[in-house]
Chemist: 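Provided herewith is a single structure, encoded as structure tokens, for subsequent inquiry.
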Amino acid sequence: MSPHPPNSDMKHVISGVPIEFDRNWYEDLEMRFKKGGPWDDWSLFNLASQAEASTLVTSFEEMLCLGHLNQFDPLPHQIDTAHKVMFGMRGRAILADEVGLGKTIEAGLILKEYIIRGLVKKALILVPASLVLQWVRELNQKFGISAIAQKKEHSWHNDIVVASMDTAKRDPHKKILTDYEYDMVIVDEAHKLKNKKSTNYQFMLQLRKKYCLLLTATPIQNDLSELFNLITLLKPGQLGGQQDFASNFVVDKRIAKNEEVLKDELSKILIRNRRGEGQLDFKKRNVRNVHVELSLKRRTYTMA
């Protein structure tokens, strides 16, 4: 350390740009060195140390998002699914859990994890119109993700947007969205993409996206080709071409062959949790009829 530091108003010119150095800190630091302190308060140092320790990542595959959830605790199968998609499927997957097992939660965990890691900034969530506000509410409240519902054309410019597929695929919205490059696209009720000739499917092909999640409890409804179409959206060539898939895995449109090989290929891109496999406590339903005796006035009104 120089015994004669430059004055605080000392100026230099570097490459024609005037730069002023502020040395006001120097005298205070020099005085502390001469007196051997005082330095920072010990309790503040401990707090700073604890804060730093809390941000350390002990393993690359550690789920950081779990430390940022204040409103709920995800179920084990939801955490496991998110982990598989992140580190086994590289962010492109079909989430095909049976109804009620929390595909929305799994997608939220994956999205949150990518945001924390700085890998996702701009995301588009396409859902049925009736579910737009529900998705926004869950992302905001449960995950602390600043998602907004698409209402006007300028809404598309936000970082995390939830919109209906029917709106997104129509012009002028379609032109705006296909000009963007998305870090992540999530599609709920993705079985509506099963027909590769549909406008929904063609629109998804045009969206530029790094990561993609398709959520559906029914990846196959009527034909094995529907499953092939969904997988081709995520990872083209995973099951070969259309003719390769038909010759290798299809006996009839609803009957598969080489099932073990097919299951192995599907496990690389599709996750399906079933109600009977987990440790979930589903309440038993007791159904009974309740007889209601209507008053004379109500019986008269009903008959009329």
Chemist: Ignoring hydrogens and angles, tell me if any N or O in the side chain of His77 forms a donor-acceptor pair with the backbone of Leu101 under 3.5 Å.
Modeler: yes

Chemist: Can you list, by chain and residue number, the hydrophobic cluster partners of Val251 when the side-chain cut-off is 4.5 Å?
Modeler: Ile255

Chemist: So, do Asn195 and Asn229 sit near enough that their side-chain heavy atoms are less than 4.5 Å apart?
Modeler: no

Chemist: Taking atom types as modelled and ignoring hydrogens, do the side chains of Ser198 and Asn200 form a donor-acceptor contact shorter than 3.5 angstrom?
Modeler: no

Chemist: Once you measure the plane-to-plane angle for Tyr180 and His157, does it fall in the parallel (<30°), tilted (30-60°) or perpendicular (>60°) bin?
Modeler: perpendicular

Chemist: Assess the residue pair Leu133 and Val162 against the criterion (side-chain contact (heavy atoms from CB on, under 4.5 Å)); give the C-alpha distance rounded to whole Å, side-chain angles, the decisive distance to 0.1 Å, and a yes or no.
Modeler: CA-CA 8 Å; Leu133 294 181; Val162 182; over 6 Å; no

Chemist: Taking the side chain from Lys103 and the backbone from Asp97, do they hold a donor-acceptor pair closer than 3.5 Å?
Modeler: yes

Chemist: Do NZ/NE/NH1/NH2 and the carboxylate oxygens of Asp28 and Arg32 come within less than 4.0 Å?
Modeler: yes

Chemist: Could you go through the side-chain contact (heavy atoms from CB on, under 4.5 Å) check for Lys209 and Met204 one step at a time?
Modeler: CA-CA 9 Å; Lys209 49 200 178 291; Met204 278 296 295; 3.9 Å; yes

Chemist: Between Glu113 and Leu64, is there a donor-acceptor pair closer than 3.5 Å when you use the side chain of the first and the backbone of the second?
Modeler: yes

Chemist: In Å, rounded to the nearest 0.5 Å, how long is the span from CG of Asp264 to CD of Glu259?
Modeler: 13.5 Å

Chemist: So does Lys235 get a backbone contact from the side chain of Gln238, meaning a donor-acceptor N/O pair under 3.5 Å?
Modeler: no

Chemist: For Lys122 and Asn158, indicate whether the former's side chain and the latter's backbone hold a donor-acceptor pair under 3.5 Å.
Modeler: yes

Chemist: My understanding is that only residues two or more places apart in sequence, or in another chain, count here; which of them pass side-chain contact (heavy atoms from CB on, under 4.5 Å) with Asn258?
Modeler: Phe249, Val261

Chemist: With a 4.5 Å limit on heavy-atom distance, are the side chains of Lys197 and Tyr201 in contact?
Modeler: no

Chemist: Mind checking whether Leu224 and Arg254 have side chains closer than 4.5 Å, heavy atoms only?
Modeler: no

Chemist: Verify whether one side chain among Lys196 and Gln242 offers a donor that lies under 3.5 Å from an acceptor in the other.
Modeler: yes

Chemist: Judged by atom type as modelled, is there a donor-acceptor pair below 3.5 Å linking the side chain of Lys268 to the main-chain atoms of Gly88?
Modeler: no

Chemist: Run the numbers on Ile145 and Leu111 for side-chain contact (heavy atoms from CB on, under 4.5 Å), then give the verdict.
Modeler: CA-CA 9 Å; Ile145 296 174; Leu111 177 58; 3.9 Å; yes

Chemist: Do the side chains of Leu177 and Trp156 get nearer than 4.5 Å, heavy atoms only?
Modeler: yes

Chemist: Taking side-chain contact (heavy atoms from CB on, under 4.5 Å) as the criterion, tell me which of Ile160, Asp188, Val161 meets it with Ile125.
Modeler: Ile160

Chemist: Checking the side chain of Arg92 only, and the main-chain atoms of Cys212 only, is there a donor and an acceptor separated by less than 3.5 Å?
Modeler: no

Chemist: So for atom CD, which belongs to Gln206, do other residues, nucleotides or ligands contribute more than 12 heavy atoms lying within a distance under 6.0 Å?
Modeler: yes

Chemist: Does the Lys NZ or Arg CZ of Lys142 fall within the cation-pi geometry relative to Phe72 - under 6.0 Å from the ring centre and within 45° of the axis?
Modeler: yes

Chemist: Work out which heavy atom in Glu153 is nearest to a heavy atom in Pro172; give both atom names and the distance.
Modeler: OE1-CG, 3.6 Å

Chemist: Who else is in Phe45's hydrophobic cluster (ILVMFWY, side-chain heavy atoms under 4.5 Å, direct or via others)?
Modeler: Trp42

Chemist: Is a side-chain donor-acceptor pair under 3.5 Å present for Asn273 with Thr81?
Modeler: yes

Chemist: Look at the side chain of Arg208 and the backbone N and O of Asp183, then say whether any donor-acceptor pair between them is shorter than 3.5 Å.
Modeler: no

Chemist: Please report the shortest heavy-atom distance between Cys65 and Leu69, naming the atom on each side.
Modeler: O-CG, 3.3 Å

Chemist: Can you check whether Pro76's main-chain N or O pairs, donor with acceptor, with Asp80's side chain at less than 3.5 Å?
Modeler: no

Chemist: Look at the side chain of Asp223 and the backbone N and O of Ser225, then say whether any donor-acceptor pair between them is shorter than 3.5 Å.
Modeler: yes

